[in-house]
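Atoms within each ligand, like the ligands themselves, are counted from 1 in listed order. The figures that follow rest on heavy atoms only: side chains count, while hydrogens, waters and symmetry mates do not.
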Amino acid sequence: MERFDVVVIGAGAAGMMCAAEAAQRGRRVLVLDHARAPGEKIRISGGGRCNFTNLGVHPSRFLSDNPRFCISALSRYTPADFIALLDREGIAWRERTLGQLFLEGSARQVVDLLVRRMTSAGAELRLSTPVRDLSPAEPGFRLVLDSGEVLAERVVLATGGKSIPKMGATGYALDVARRLGLAIVEPRAGLVPFTLAPDFLERLSPLAGVSAPARVTTGGVAFEESLLFTHRGLSGPAVLQASSYWREGEGVTVDLAPGVDLMAHLKAERGRAGRQSPAALLSDLLPARLARTLAEAAEAPPRLGDCNDAALARLSASVNAWTFRPAGTEGYRTAEVMLGGVDTRELDSRTFEARRVPGLHVIGEAVDVTGWLGGYNFQWAWASGWAAGQAV
Ligand code: FDA
C-alpha cells in the first residue's frame with residue numbers, strides 16, 4: 001500500500017496550485033487526474049491566451065450563498081501574487097479591457113509553469129488515473145486506483161465544476177462530498193448563453209452574428225458589455241455575466257443604447273428631420289440590421305414625422321428596455337463555469353477543510369464560489385488552491 005501525506009484529486013488550476021504549495025512545504029504529495037493531460041481548461045481558456053486574473057478582484061464579484069466566505073483566501077493570495085509568479089518565470093502578459101489580464105503567448109505556458117512548480121517541488125502527477133473508491137480510513141483516507149490502494153493523511157477535492165463535460169468535467173467532488181455528508185448548494189450552469197423560444201428565435205434569426213454594446217439586467221444586477229445574437233439565442237459578455245444571476249422563468253431587460261434617452265432623442269429628431277425613417281435614425285446608434293429589425297417589430301411608420309408619441313414610445317422601449325423571458329440556457333455543454341457546489345458553511349475559509357470530515361479539503365470551482373467573467377474564476381482557483389496548500 002502506498003502512503004502519501006496529501007492526495008490531490010484534479011490536476012486543474014486549483015489542484016496544481018495546491019500541490020505545488022504543499023510539496024514546497026515538504027509534504028509528500030500525489031496528484032491524480034482521470035484526464036490524459038493536466039490543466040485542459042487552462043489551455044483553452046481566454047481563447048488560448050488564458051485570462052489568468054483581473055485587477056478588479058473584490059468579493060463583490062463572486063457569487064455564493066455565503067458571500068463573505070471568499071474574503072480570506074482572496075486577500076491572502078492576490079492578483080499581484082500570480083503576476084509575480086509569471087514575472088519570475090519571464091512569462092509575458094498584458095491588460096486588456098476591464099482589468100482583464102491575459103498572456104501575450106499561449107495559455108500552455110501557465111499549464112507548464114504549474115506542472116513544473118509542483119513536480120520540481122517533489123509532487124508526483126499521475127494522469128489517466130481515475131479514483132475507483134475513496135473512503136475515510138483510520139487515520140486519513142483510503143483511495144482505490146486501478147493500480148492498487150493508496151493511503152492519504154489528507155485528500156483535496158479539486159475536480160472543478162460540471163461545465164463542458166466533453167472535456168472530462170464531472171461532478172465528482174459533489175458526489176464525494178454528498179456521500180460524506182456535506183451539504184451542496186444546487187449546481188447550475190453559469191456564464192452561459194441564453195436560449196429563446198422557437199417563435200421568438202425565428203423572428204430574431206436574421207440578426208445572428210450581430211453584436212452591439214448593451215446593458216443587460218436580471219436578478220437586480222446589470223452588466224454593460226457587448227451582446228451577441230446567435231443562431232440559438234443570445235450570447236456575448238453582457239449576456240454571459242447576466243446569466244449567472246438569472247433564474248429559470250425570470251425576465252431579462254436589455255438596453256441596446258445605454259446612456260441614450262431614446263424617447264427624447266426620437267422626439268427631437270421628429271421635429272428636426274421628420275422625413276428620415278426610424279430605422280435610419282436608429283442605425284446611428286445601432287448596427288443597421290438590428291435597427292431595421294427593431295423598427296419593423298415596433299411597426300413604426302416609414303417616416304419619423306408620421307410617428308405619433310405612442311409609436312415613438314414603442315420604438316424607444318424596444319431599444320432602451322427590451323424585455324423578454326429566456327427559454328433557458330445552453331447548460332453545461334457550453335457554460336464557462338458551474339454555479340453552486342460544496343456549501344461553504346461546511347468549510348473553514350482559511351484551510352478549506354471540511355468541518356465535519358477532518359482531513360478532507362475542497363477547493364476551486366467545486367466550492368460554492370463563482371466569479372464573474374474576466375479572470376475572476378482563475379483567481380479563485382489560485383487563491384483557494386494556495387490557501388489549502390498552506391494547510392494540508
Ligand atoms: P479545473 O476544471 O481547472 O480542473 C479540474 C481537474 O479535475 C481537471 O483536470 C479534470 O480533468 C479533473 N477531474 C474532473 N473530474 C475528475 C474525476 N472524476 N477524477 C479525476 N480527475 C477529475 N476562467 C478565467 O478566470 N479566465 C478564463 O479565461 C477562463 N476561460 C474559460 C474558458 C472555457 C471554455 C471554460 C470552460 C472555462 C473558462 N474559465 C476561465 C473558467 C476556469 O477554467 C475554471 O473556473 C477553472 O479552471 C476552475 O479551476 P479548478 O481547478 O477548480 O477546475
Side-chain angles (χ1 to χ4, degrees), residues 7-19 30-54 56-57 61-63 79 82 93 96 98-103 107 110-111 114-115 125-134 143 145-146 155-176 189-193 237 240 244 330 332-339 341-342 352 361-386 388:
V7 171
V8 177
I9 309 179
M16 290 197 282
M17 175 61 89
C18 174
L30 173 66
V31 183
L32 303 173
D33 203 298
H34 69 166
R36 281 200 305 250
E40 280 293 89
K41 277 194 185 163
I42 303 173
R43 185 180 60 78
I44 62 157
S45 67
R49 292 277 186 266
C50 186
N51 179 193
F52 59 90
T53 194
N54 193 296
V57 162
R61 289 168 179 205
F62 293 82
L63 293 87
F82 199 82
W93 53 271
R96 292 199 195 163
L98 304 169
Q100 301 170 2
L101 305 190
F102 287 75
L103 292 201
V110 171
V111 180
L114 294 170
V115 171
L125 171 61
R126 286 189 206 161
L127 297 168
S128 305
T129 306
V131 178
R132 299 299 177 196
D133 191 36
L134 165 62
L143 294 93
L145 312 179
D146 290 339
V155 164
V156 182
L157 297 176
T159 51
K162 299 209 259 188
S163 64
I164 324 265
K166 241 170 58 185
M167 292 188 64
T170 68
Y172 180 81
L174 306 191
D175 298 342
V176 172
L191 301 180
V192 62
L240 299 182
S244 293
E330 290 187 7
Y332 292 124
R333 189 177 61 80
T334 60
E336 197 160 293
V337 286
M338 174 186 81
L339 293 150
V342 174
F352 292 78
H361 300 248
V362 192
I363 58 175
E365 204 179 309
V367 177
D368 172 35
V369 172
T370 308
W372 284 7
L373 187 76
Y376 296 97
N377 286 296
F378 278 137
Q379 188 60 36
W380 174 245
W382 315 138
S384 58
W386 184 90

When you measure from [atom] to every protein heavy atom, which one gives the shortest distance, and what is it?
atom: atom 4 (O) of ligand 1; result: G12 CA, 3.2 Å
atom: atom 2 (O) of ligand 1; result: K41 CD, 3.6 Å
atom: atom 11 (O) of ligand 1; result: D33 OD1, 2.7 Å
atom: atom 53 (O) of ligand 1; result: G160 CA, 3.3 Å
atom: atom 30 (N) of ligand 1; result: S45 CB, 3.3 Å
atom: atom 25 (O) of ligand 1; result: F378 N, 2.8 Å
atom: atom 21 (N) of ligand 1; result: H34 N, 3.3 Å
atom: atom 33 (C) of ligand 1; result: E336 CG, 3.9 Å

Just which atoms of ligand 1 are under 4.0 Å from any heavy atom in [X]?
X: I164; answer: 36 (C)
X: G375; answer: 24 (C), 25 (O), 26 (N)
X: G46; answer: 28 (O), 30 (N)
X: A13; answer: 3 (O), 49 (O), 51 (O)
X: Y376; answer: 25 (O)
X: I44; answer: 34 (C)
X: T170; answer: 14 (C), 15 (N), 16 (C), 17 (C), 18 (N)
X: N51; answer: 24 (C), 25 (O), 26 (N), 27 (C), 28 (O)

F378 and W382 aromatic ring geometry - parallel, tilted or perpendicular at 30°/60° bounds =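 Parallel: the ring planes of W382 and F378 meet at under 30°.
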Look at ligand 1 and say whether E40 reaches it with a heavy atom at a distance under 4.0 Å.
->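 No, that is not the case, since the closest heavy atom of the residue is not under 4.0 Å from the ligand.
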Consider ligand 1: state whether an atom of it lies below 4.0 angstrom from any non-hydrogen atom of G168.
->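 Contact present.
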Proximity to ligand 1 by part of A158, non-hydrogen separation under 4.0 Å =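 Backbone only.
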State whether the shortest distance between N or O atoms of A14 and N or O atoms of ligand 1 falls below 3.5 angstrom.
->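 Checking ligand 1 against A14, an N or O pair does fall under 3.5 Å apart.
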So is E365 polar-close to ligand 1, meaning N/O to N/O under 3.5 Å?
->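 It does: an N or O of E365 is found under 3.5 Å from an N or O of ligand 1.
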May I ask you to decide whether D33 forms a salt bridge with R126, counting only side-chain N to carboxylate O separations under 4.0 Å?
->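 No, D33 and R126 are not salt-bridged.
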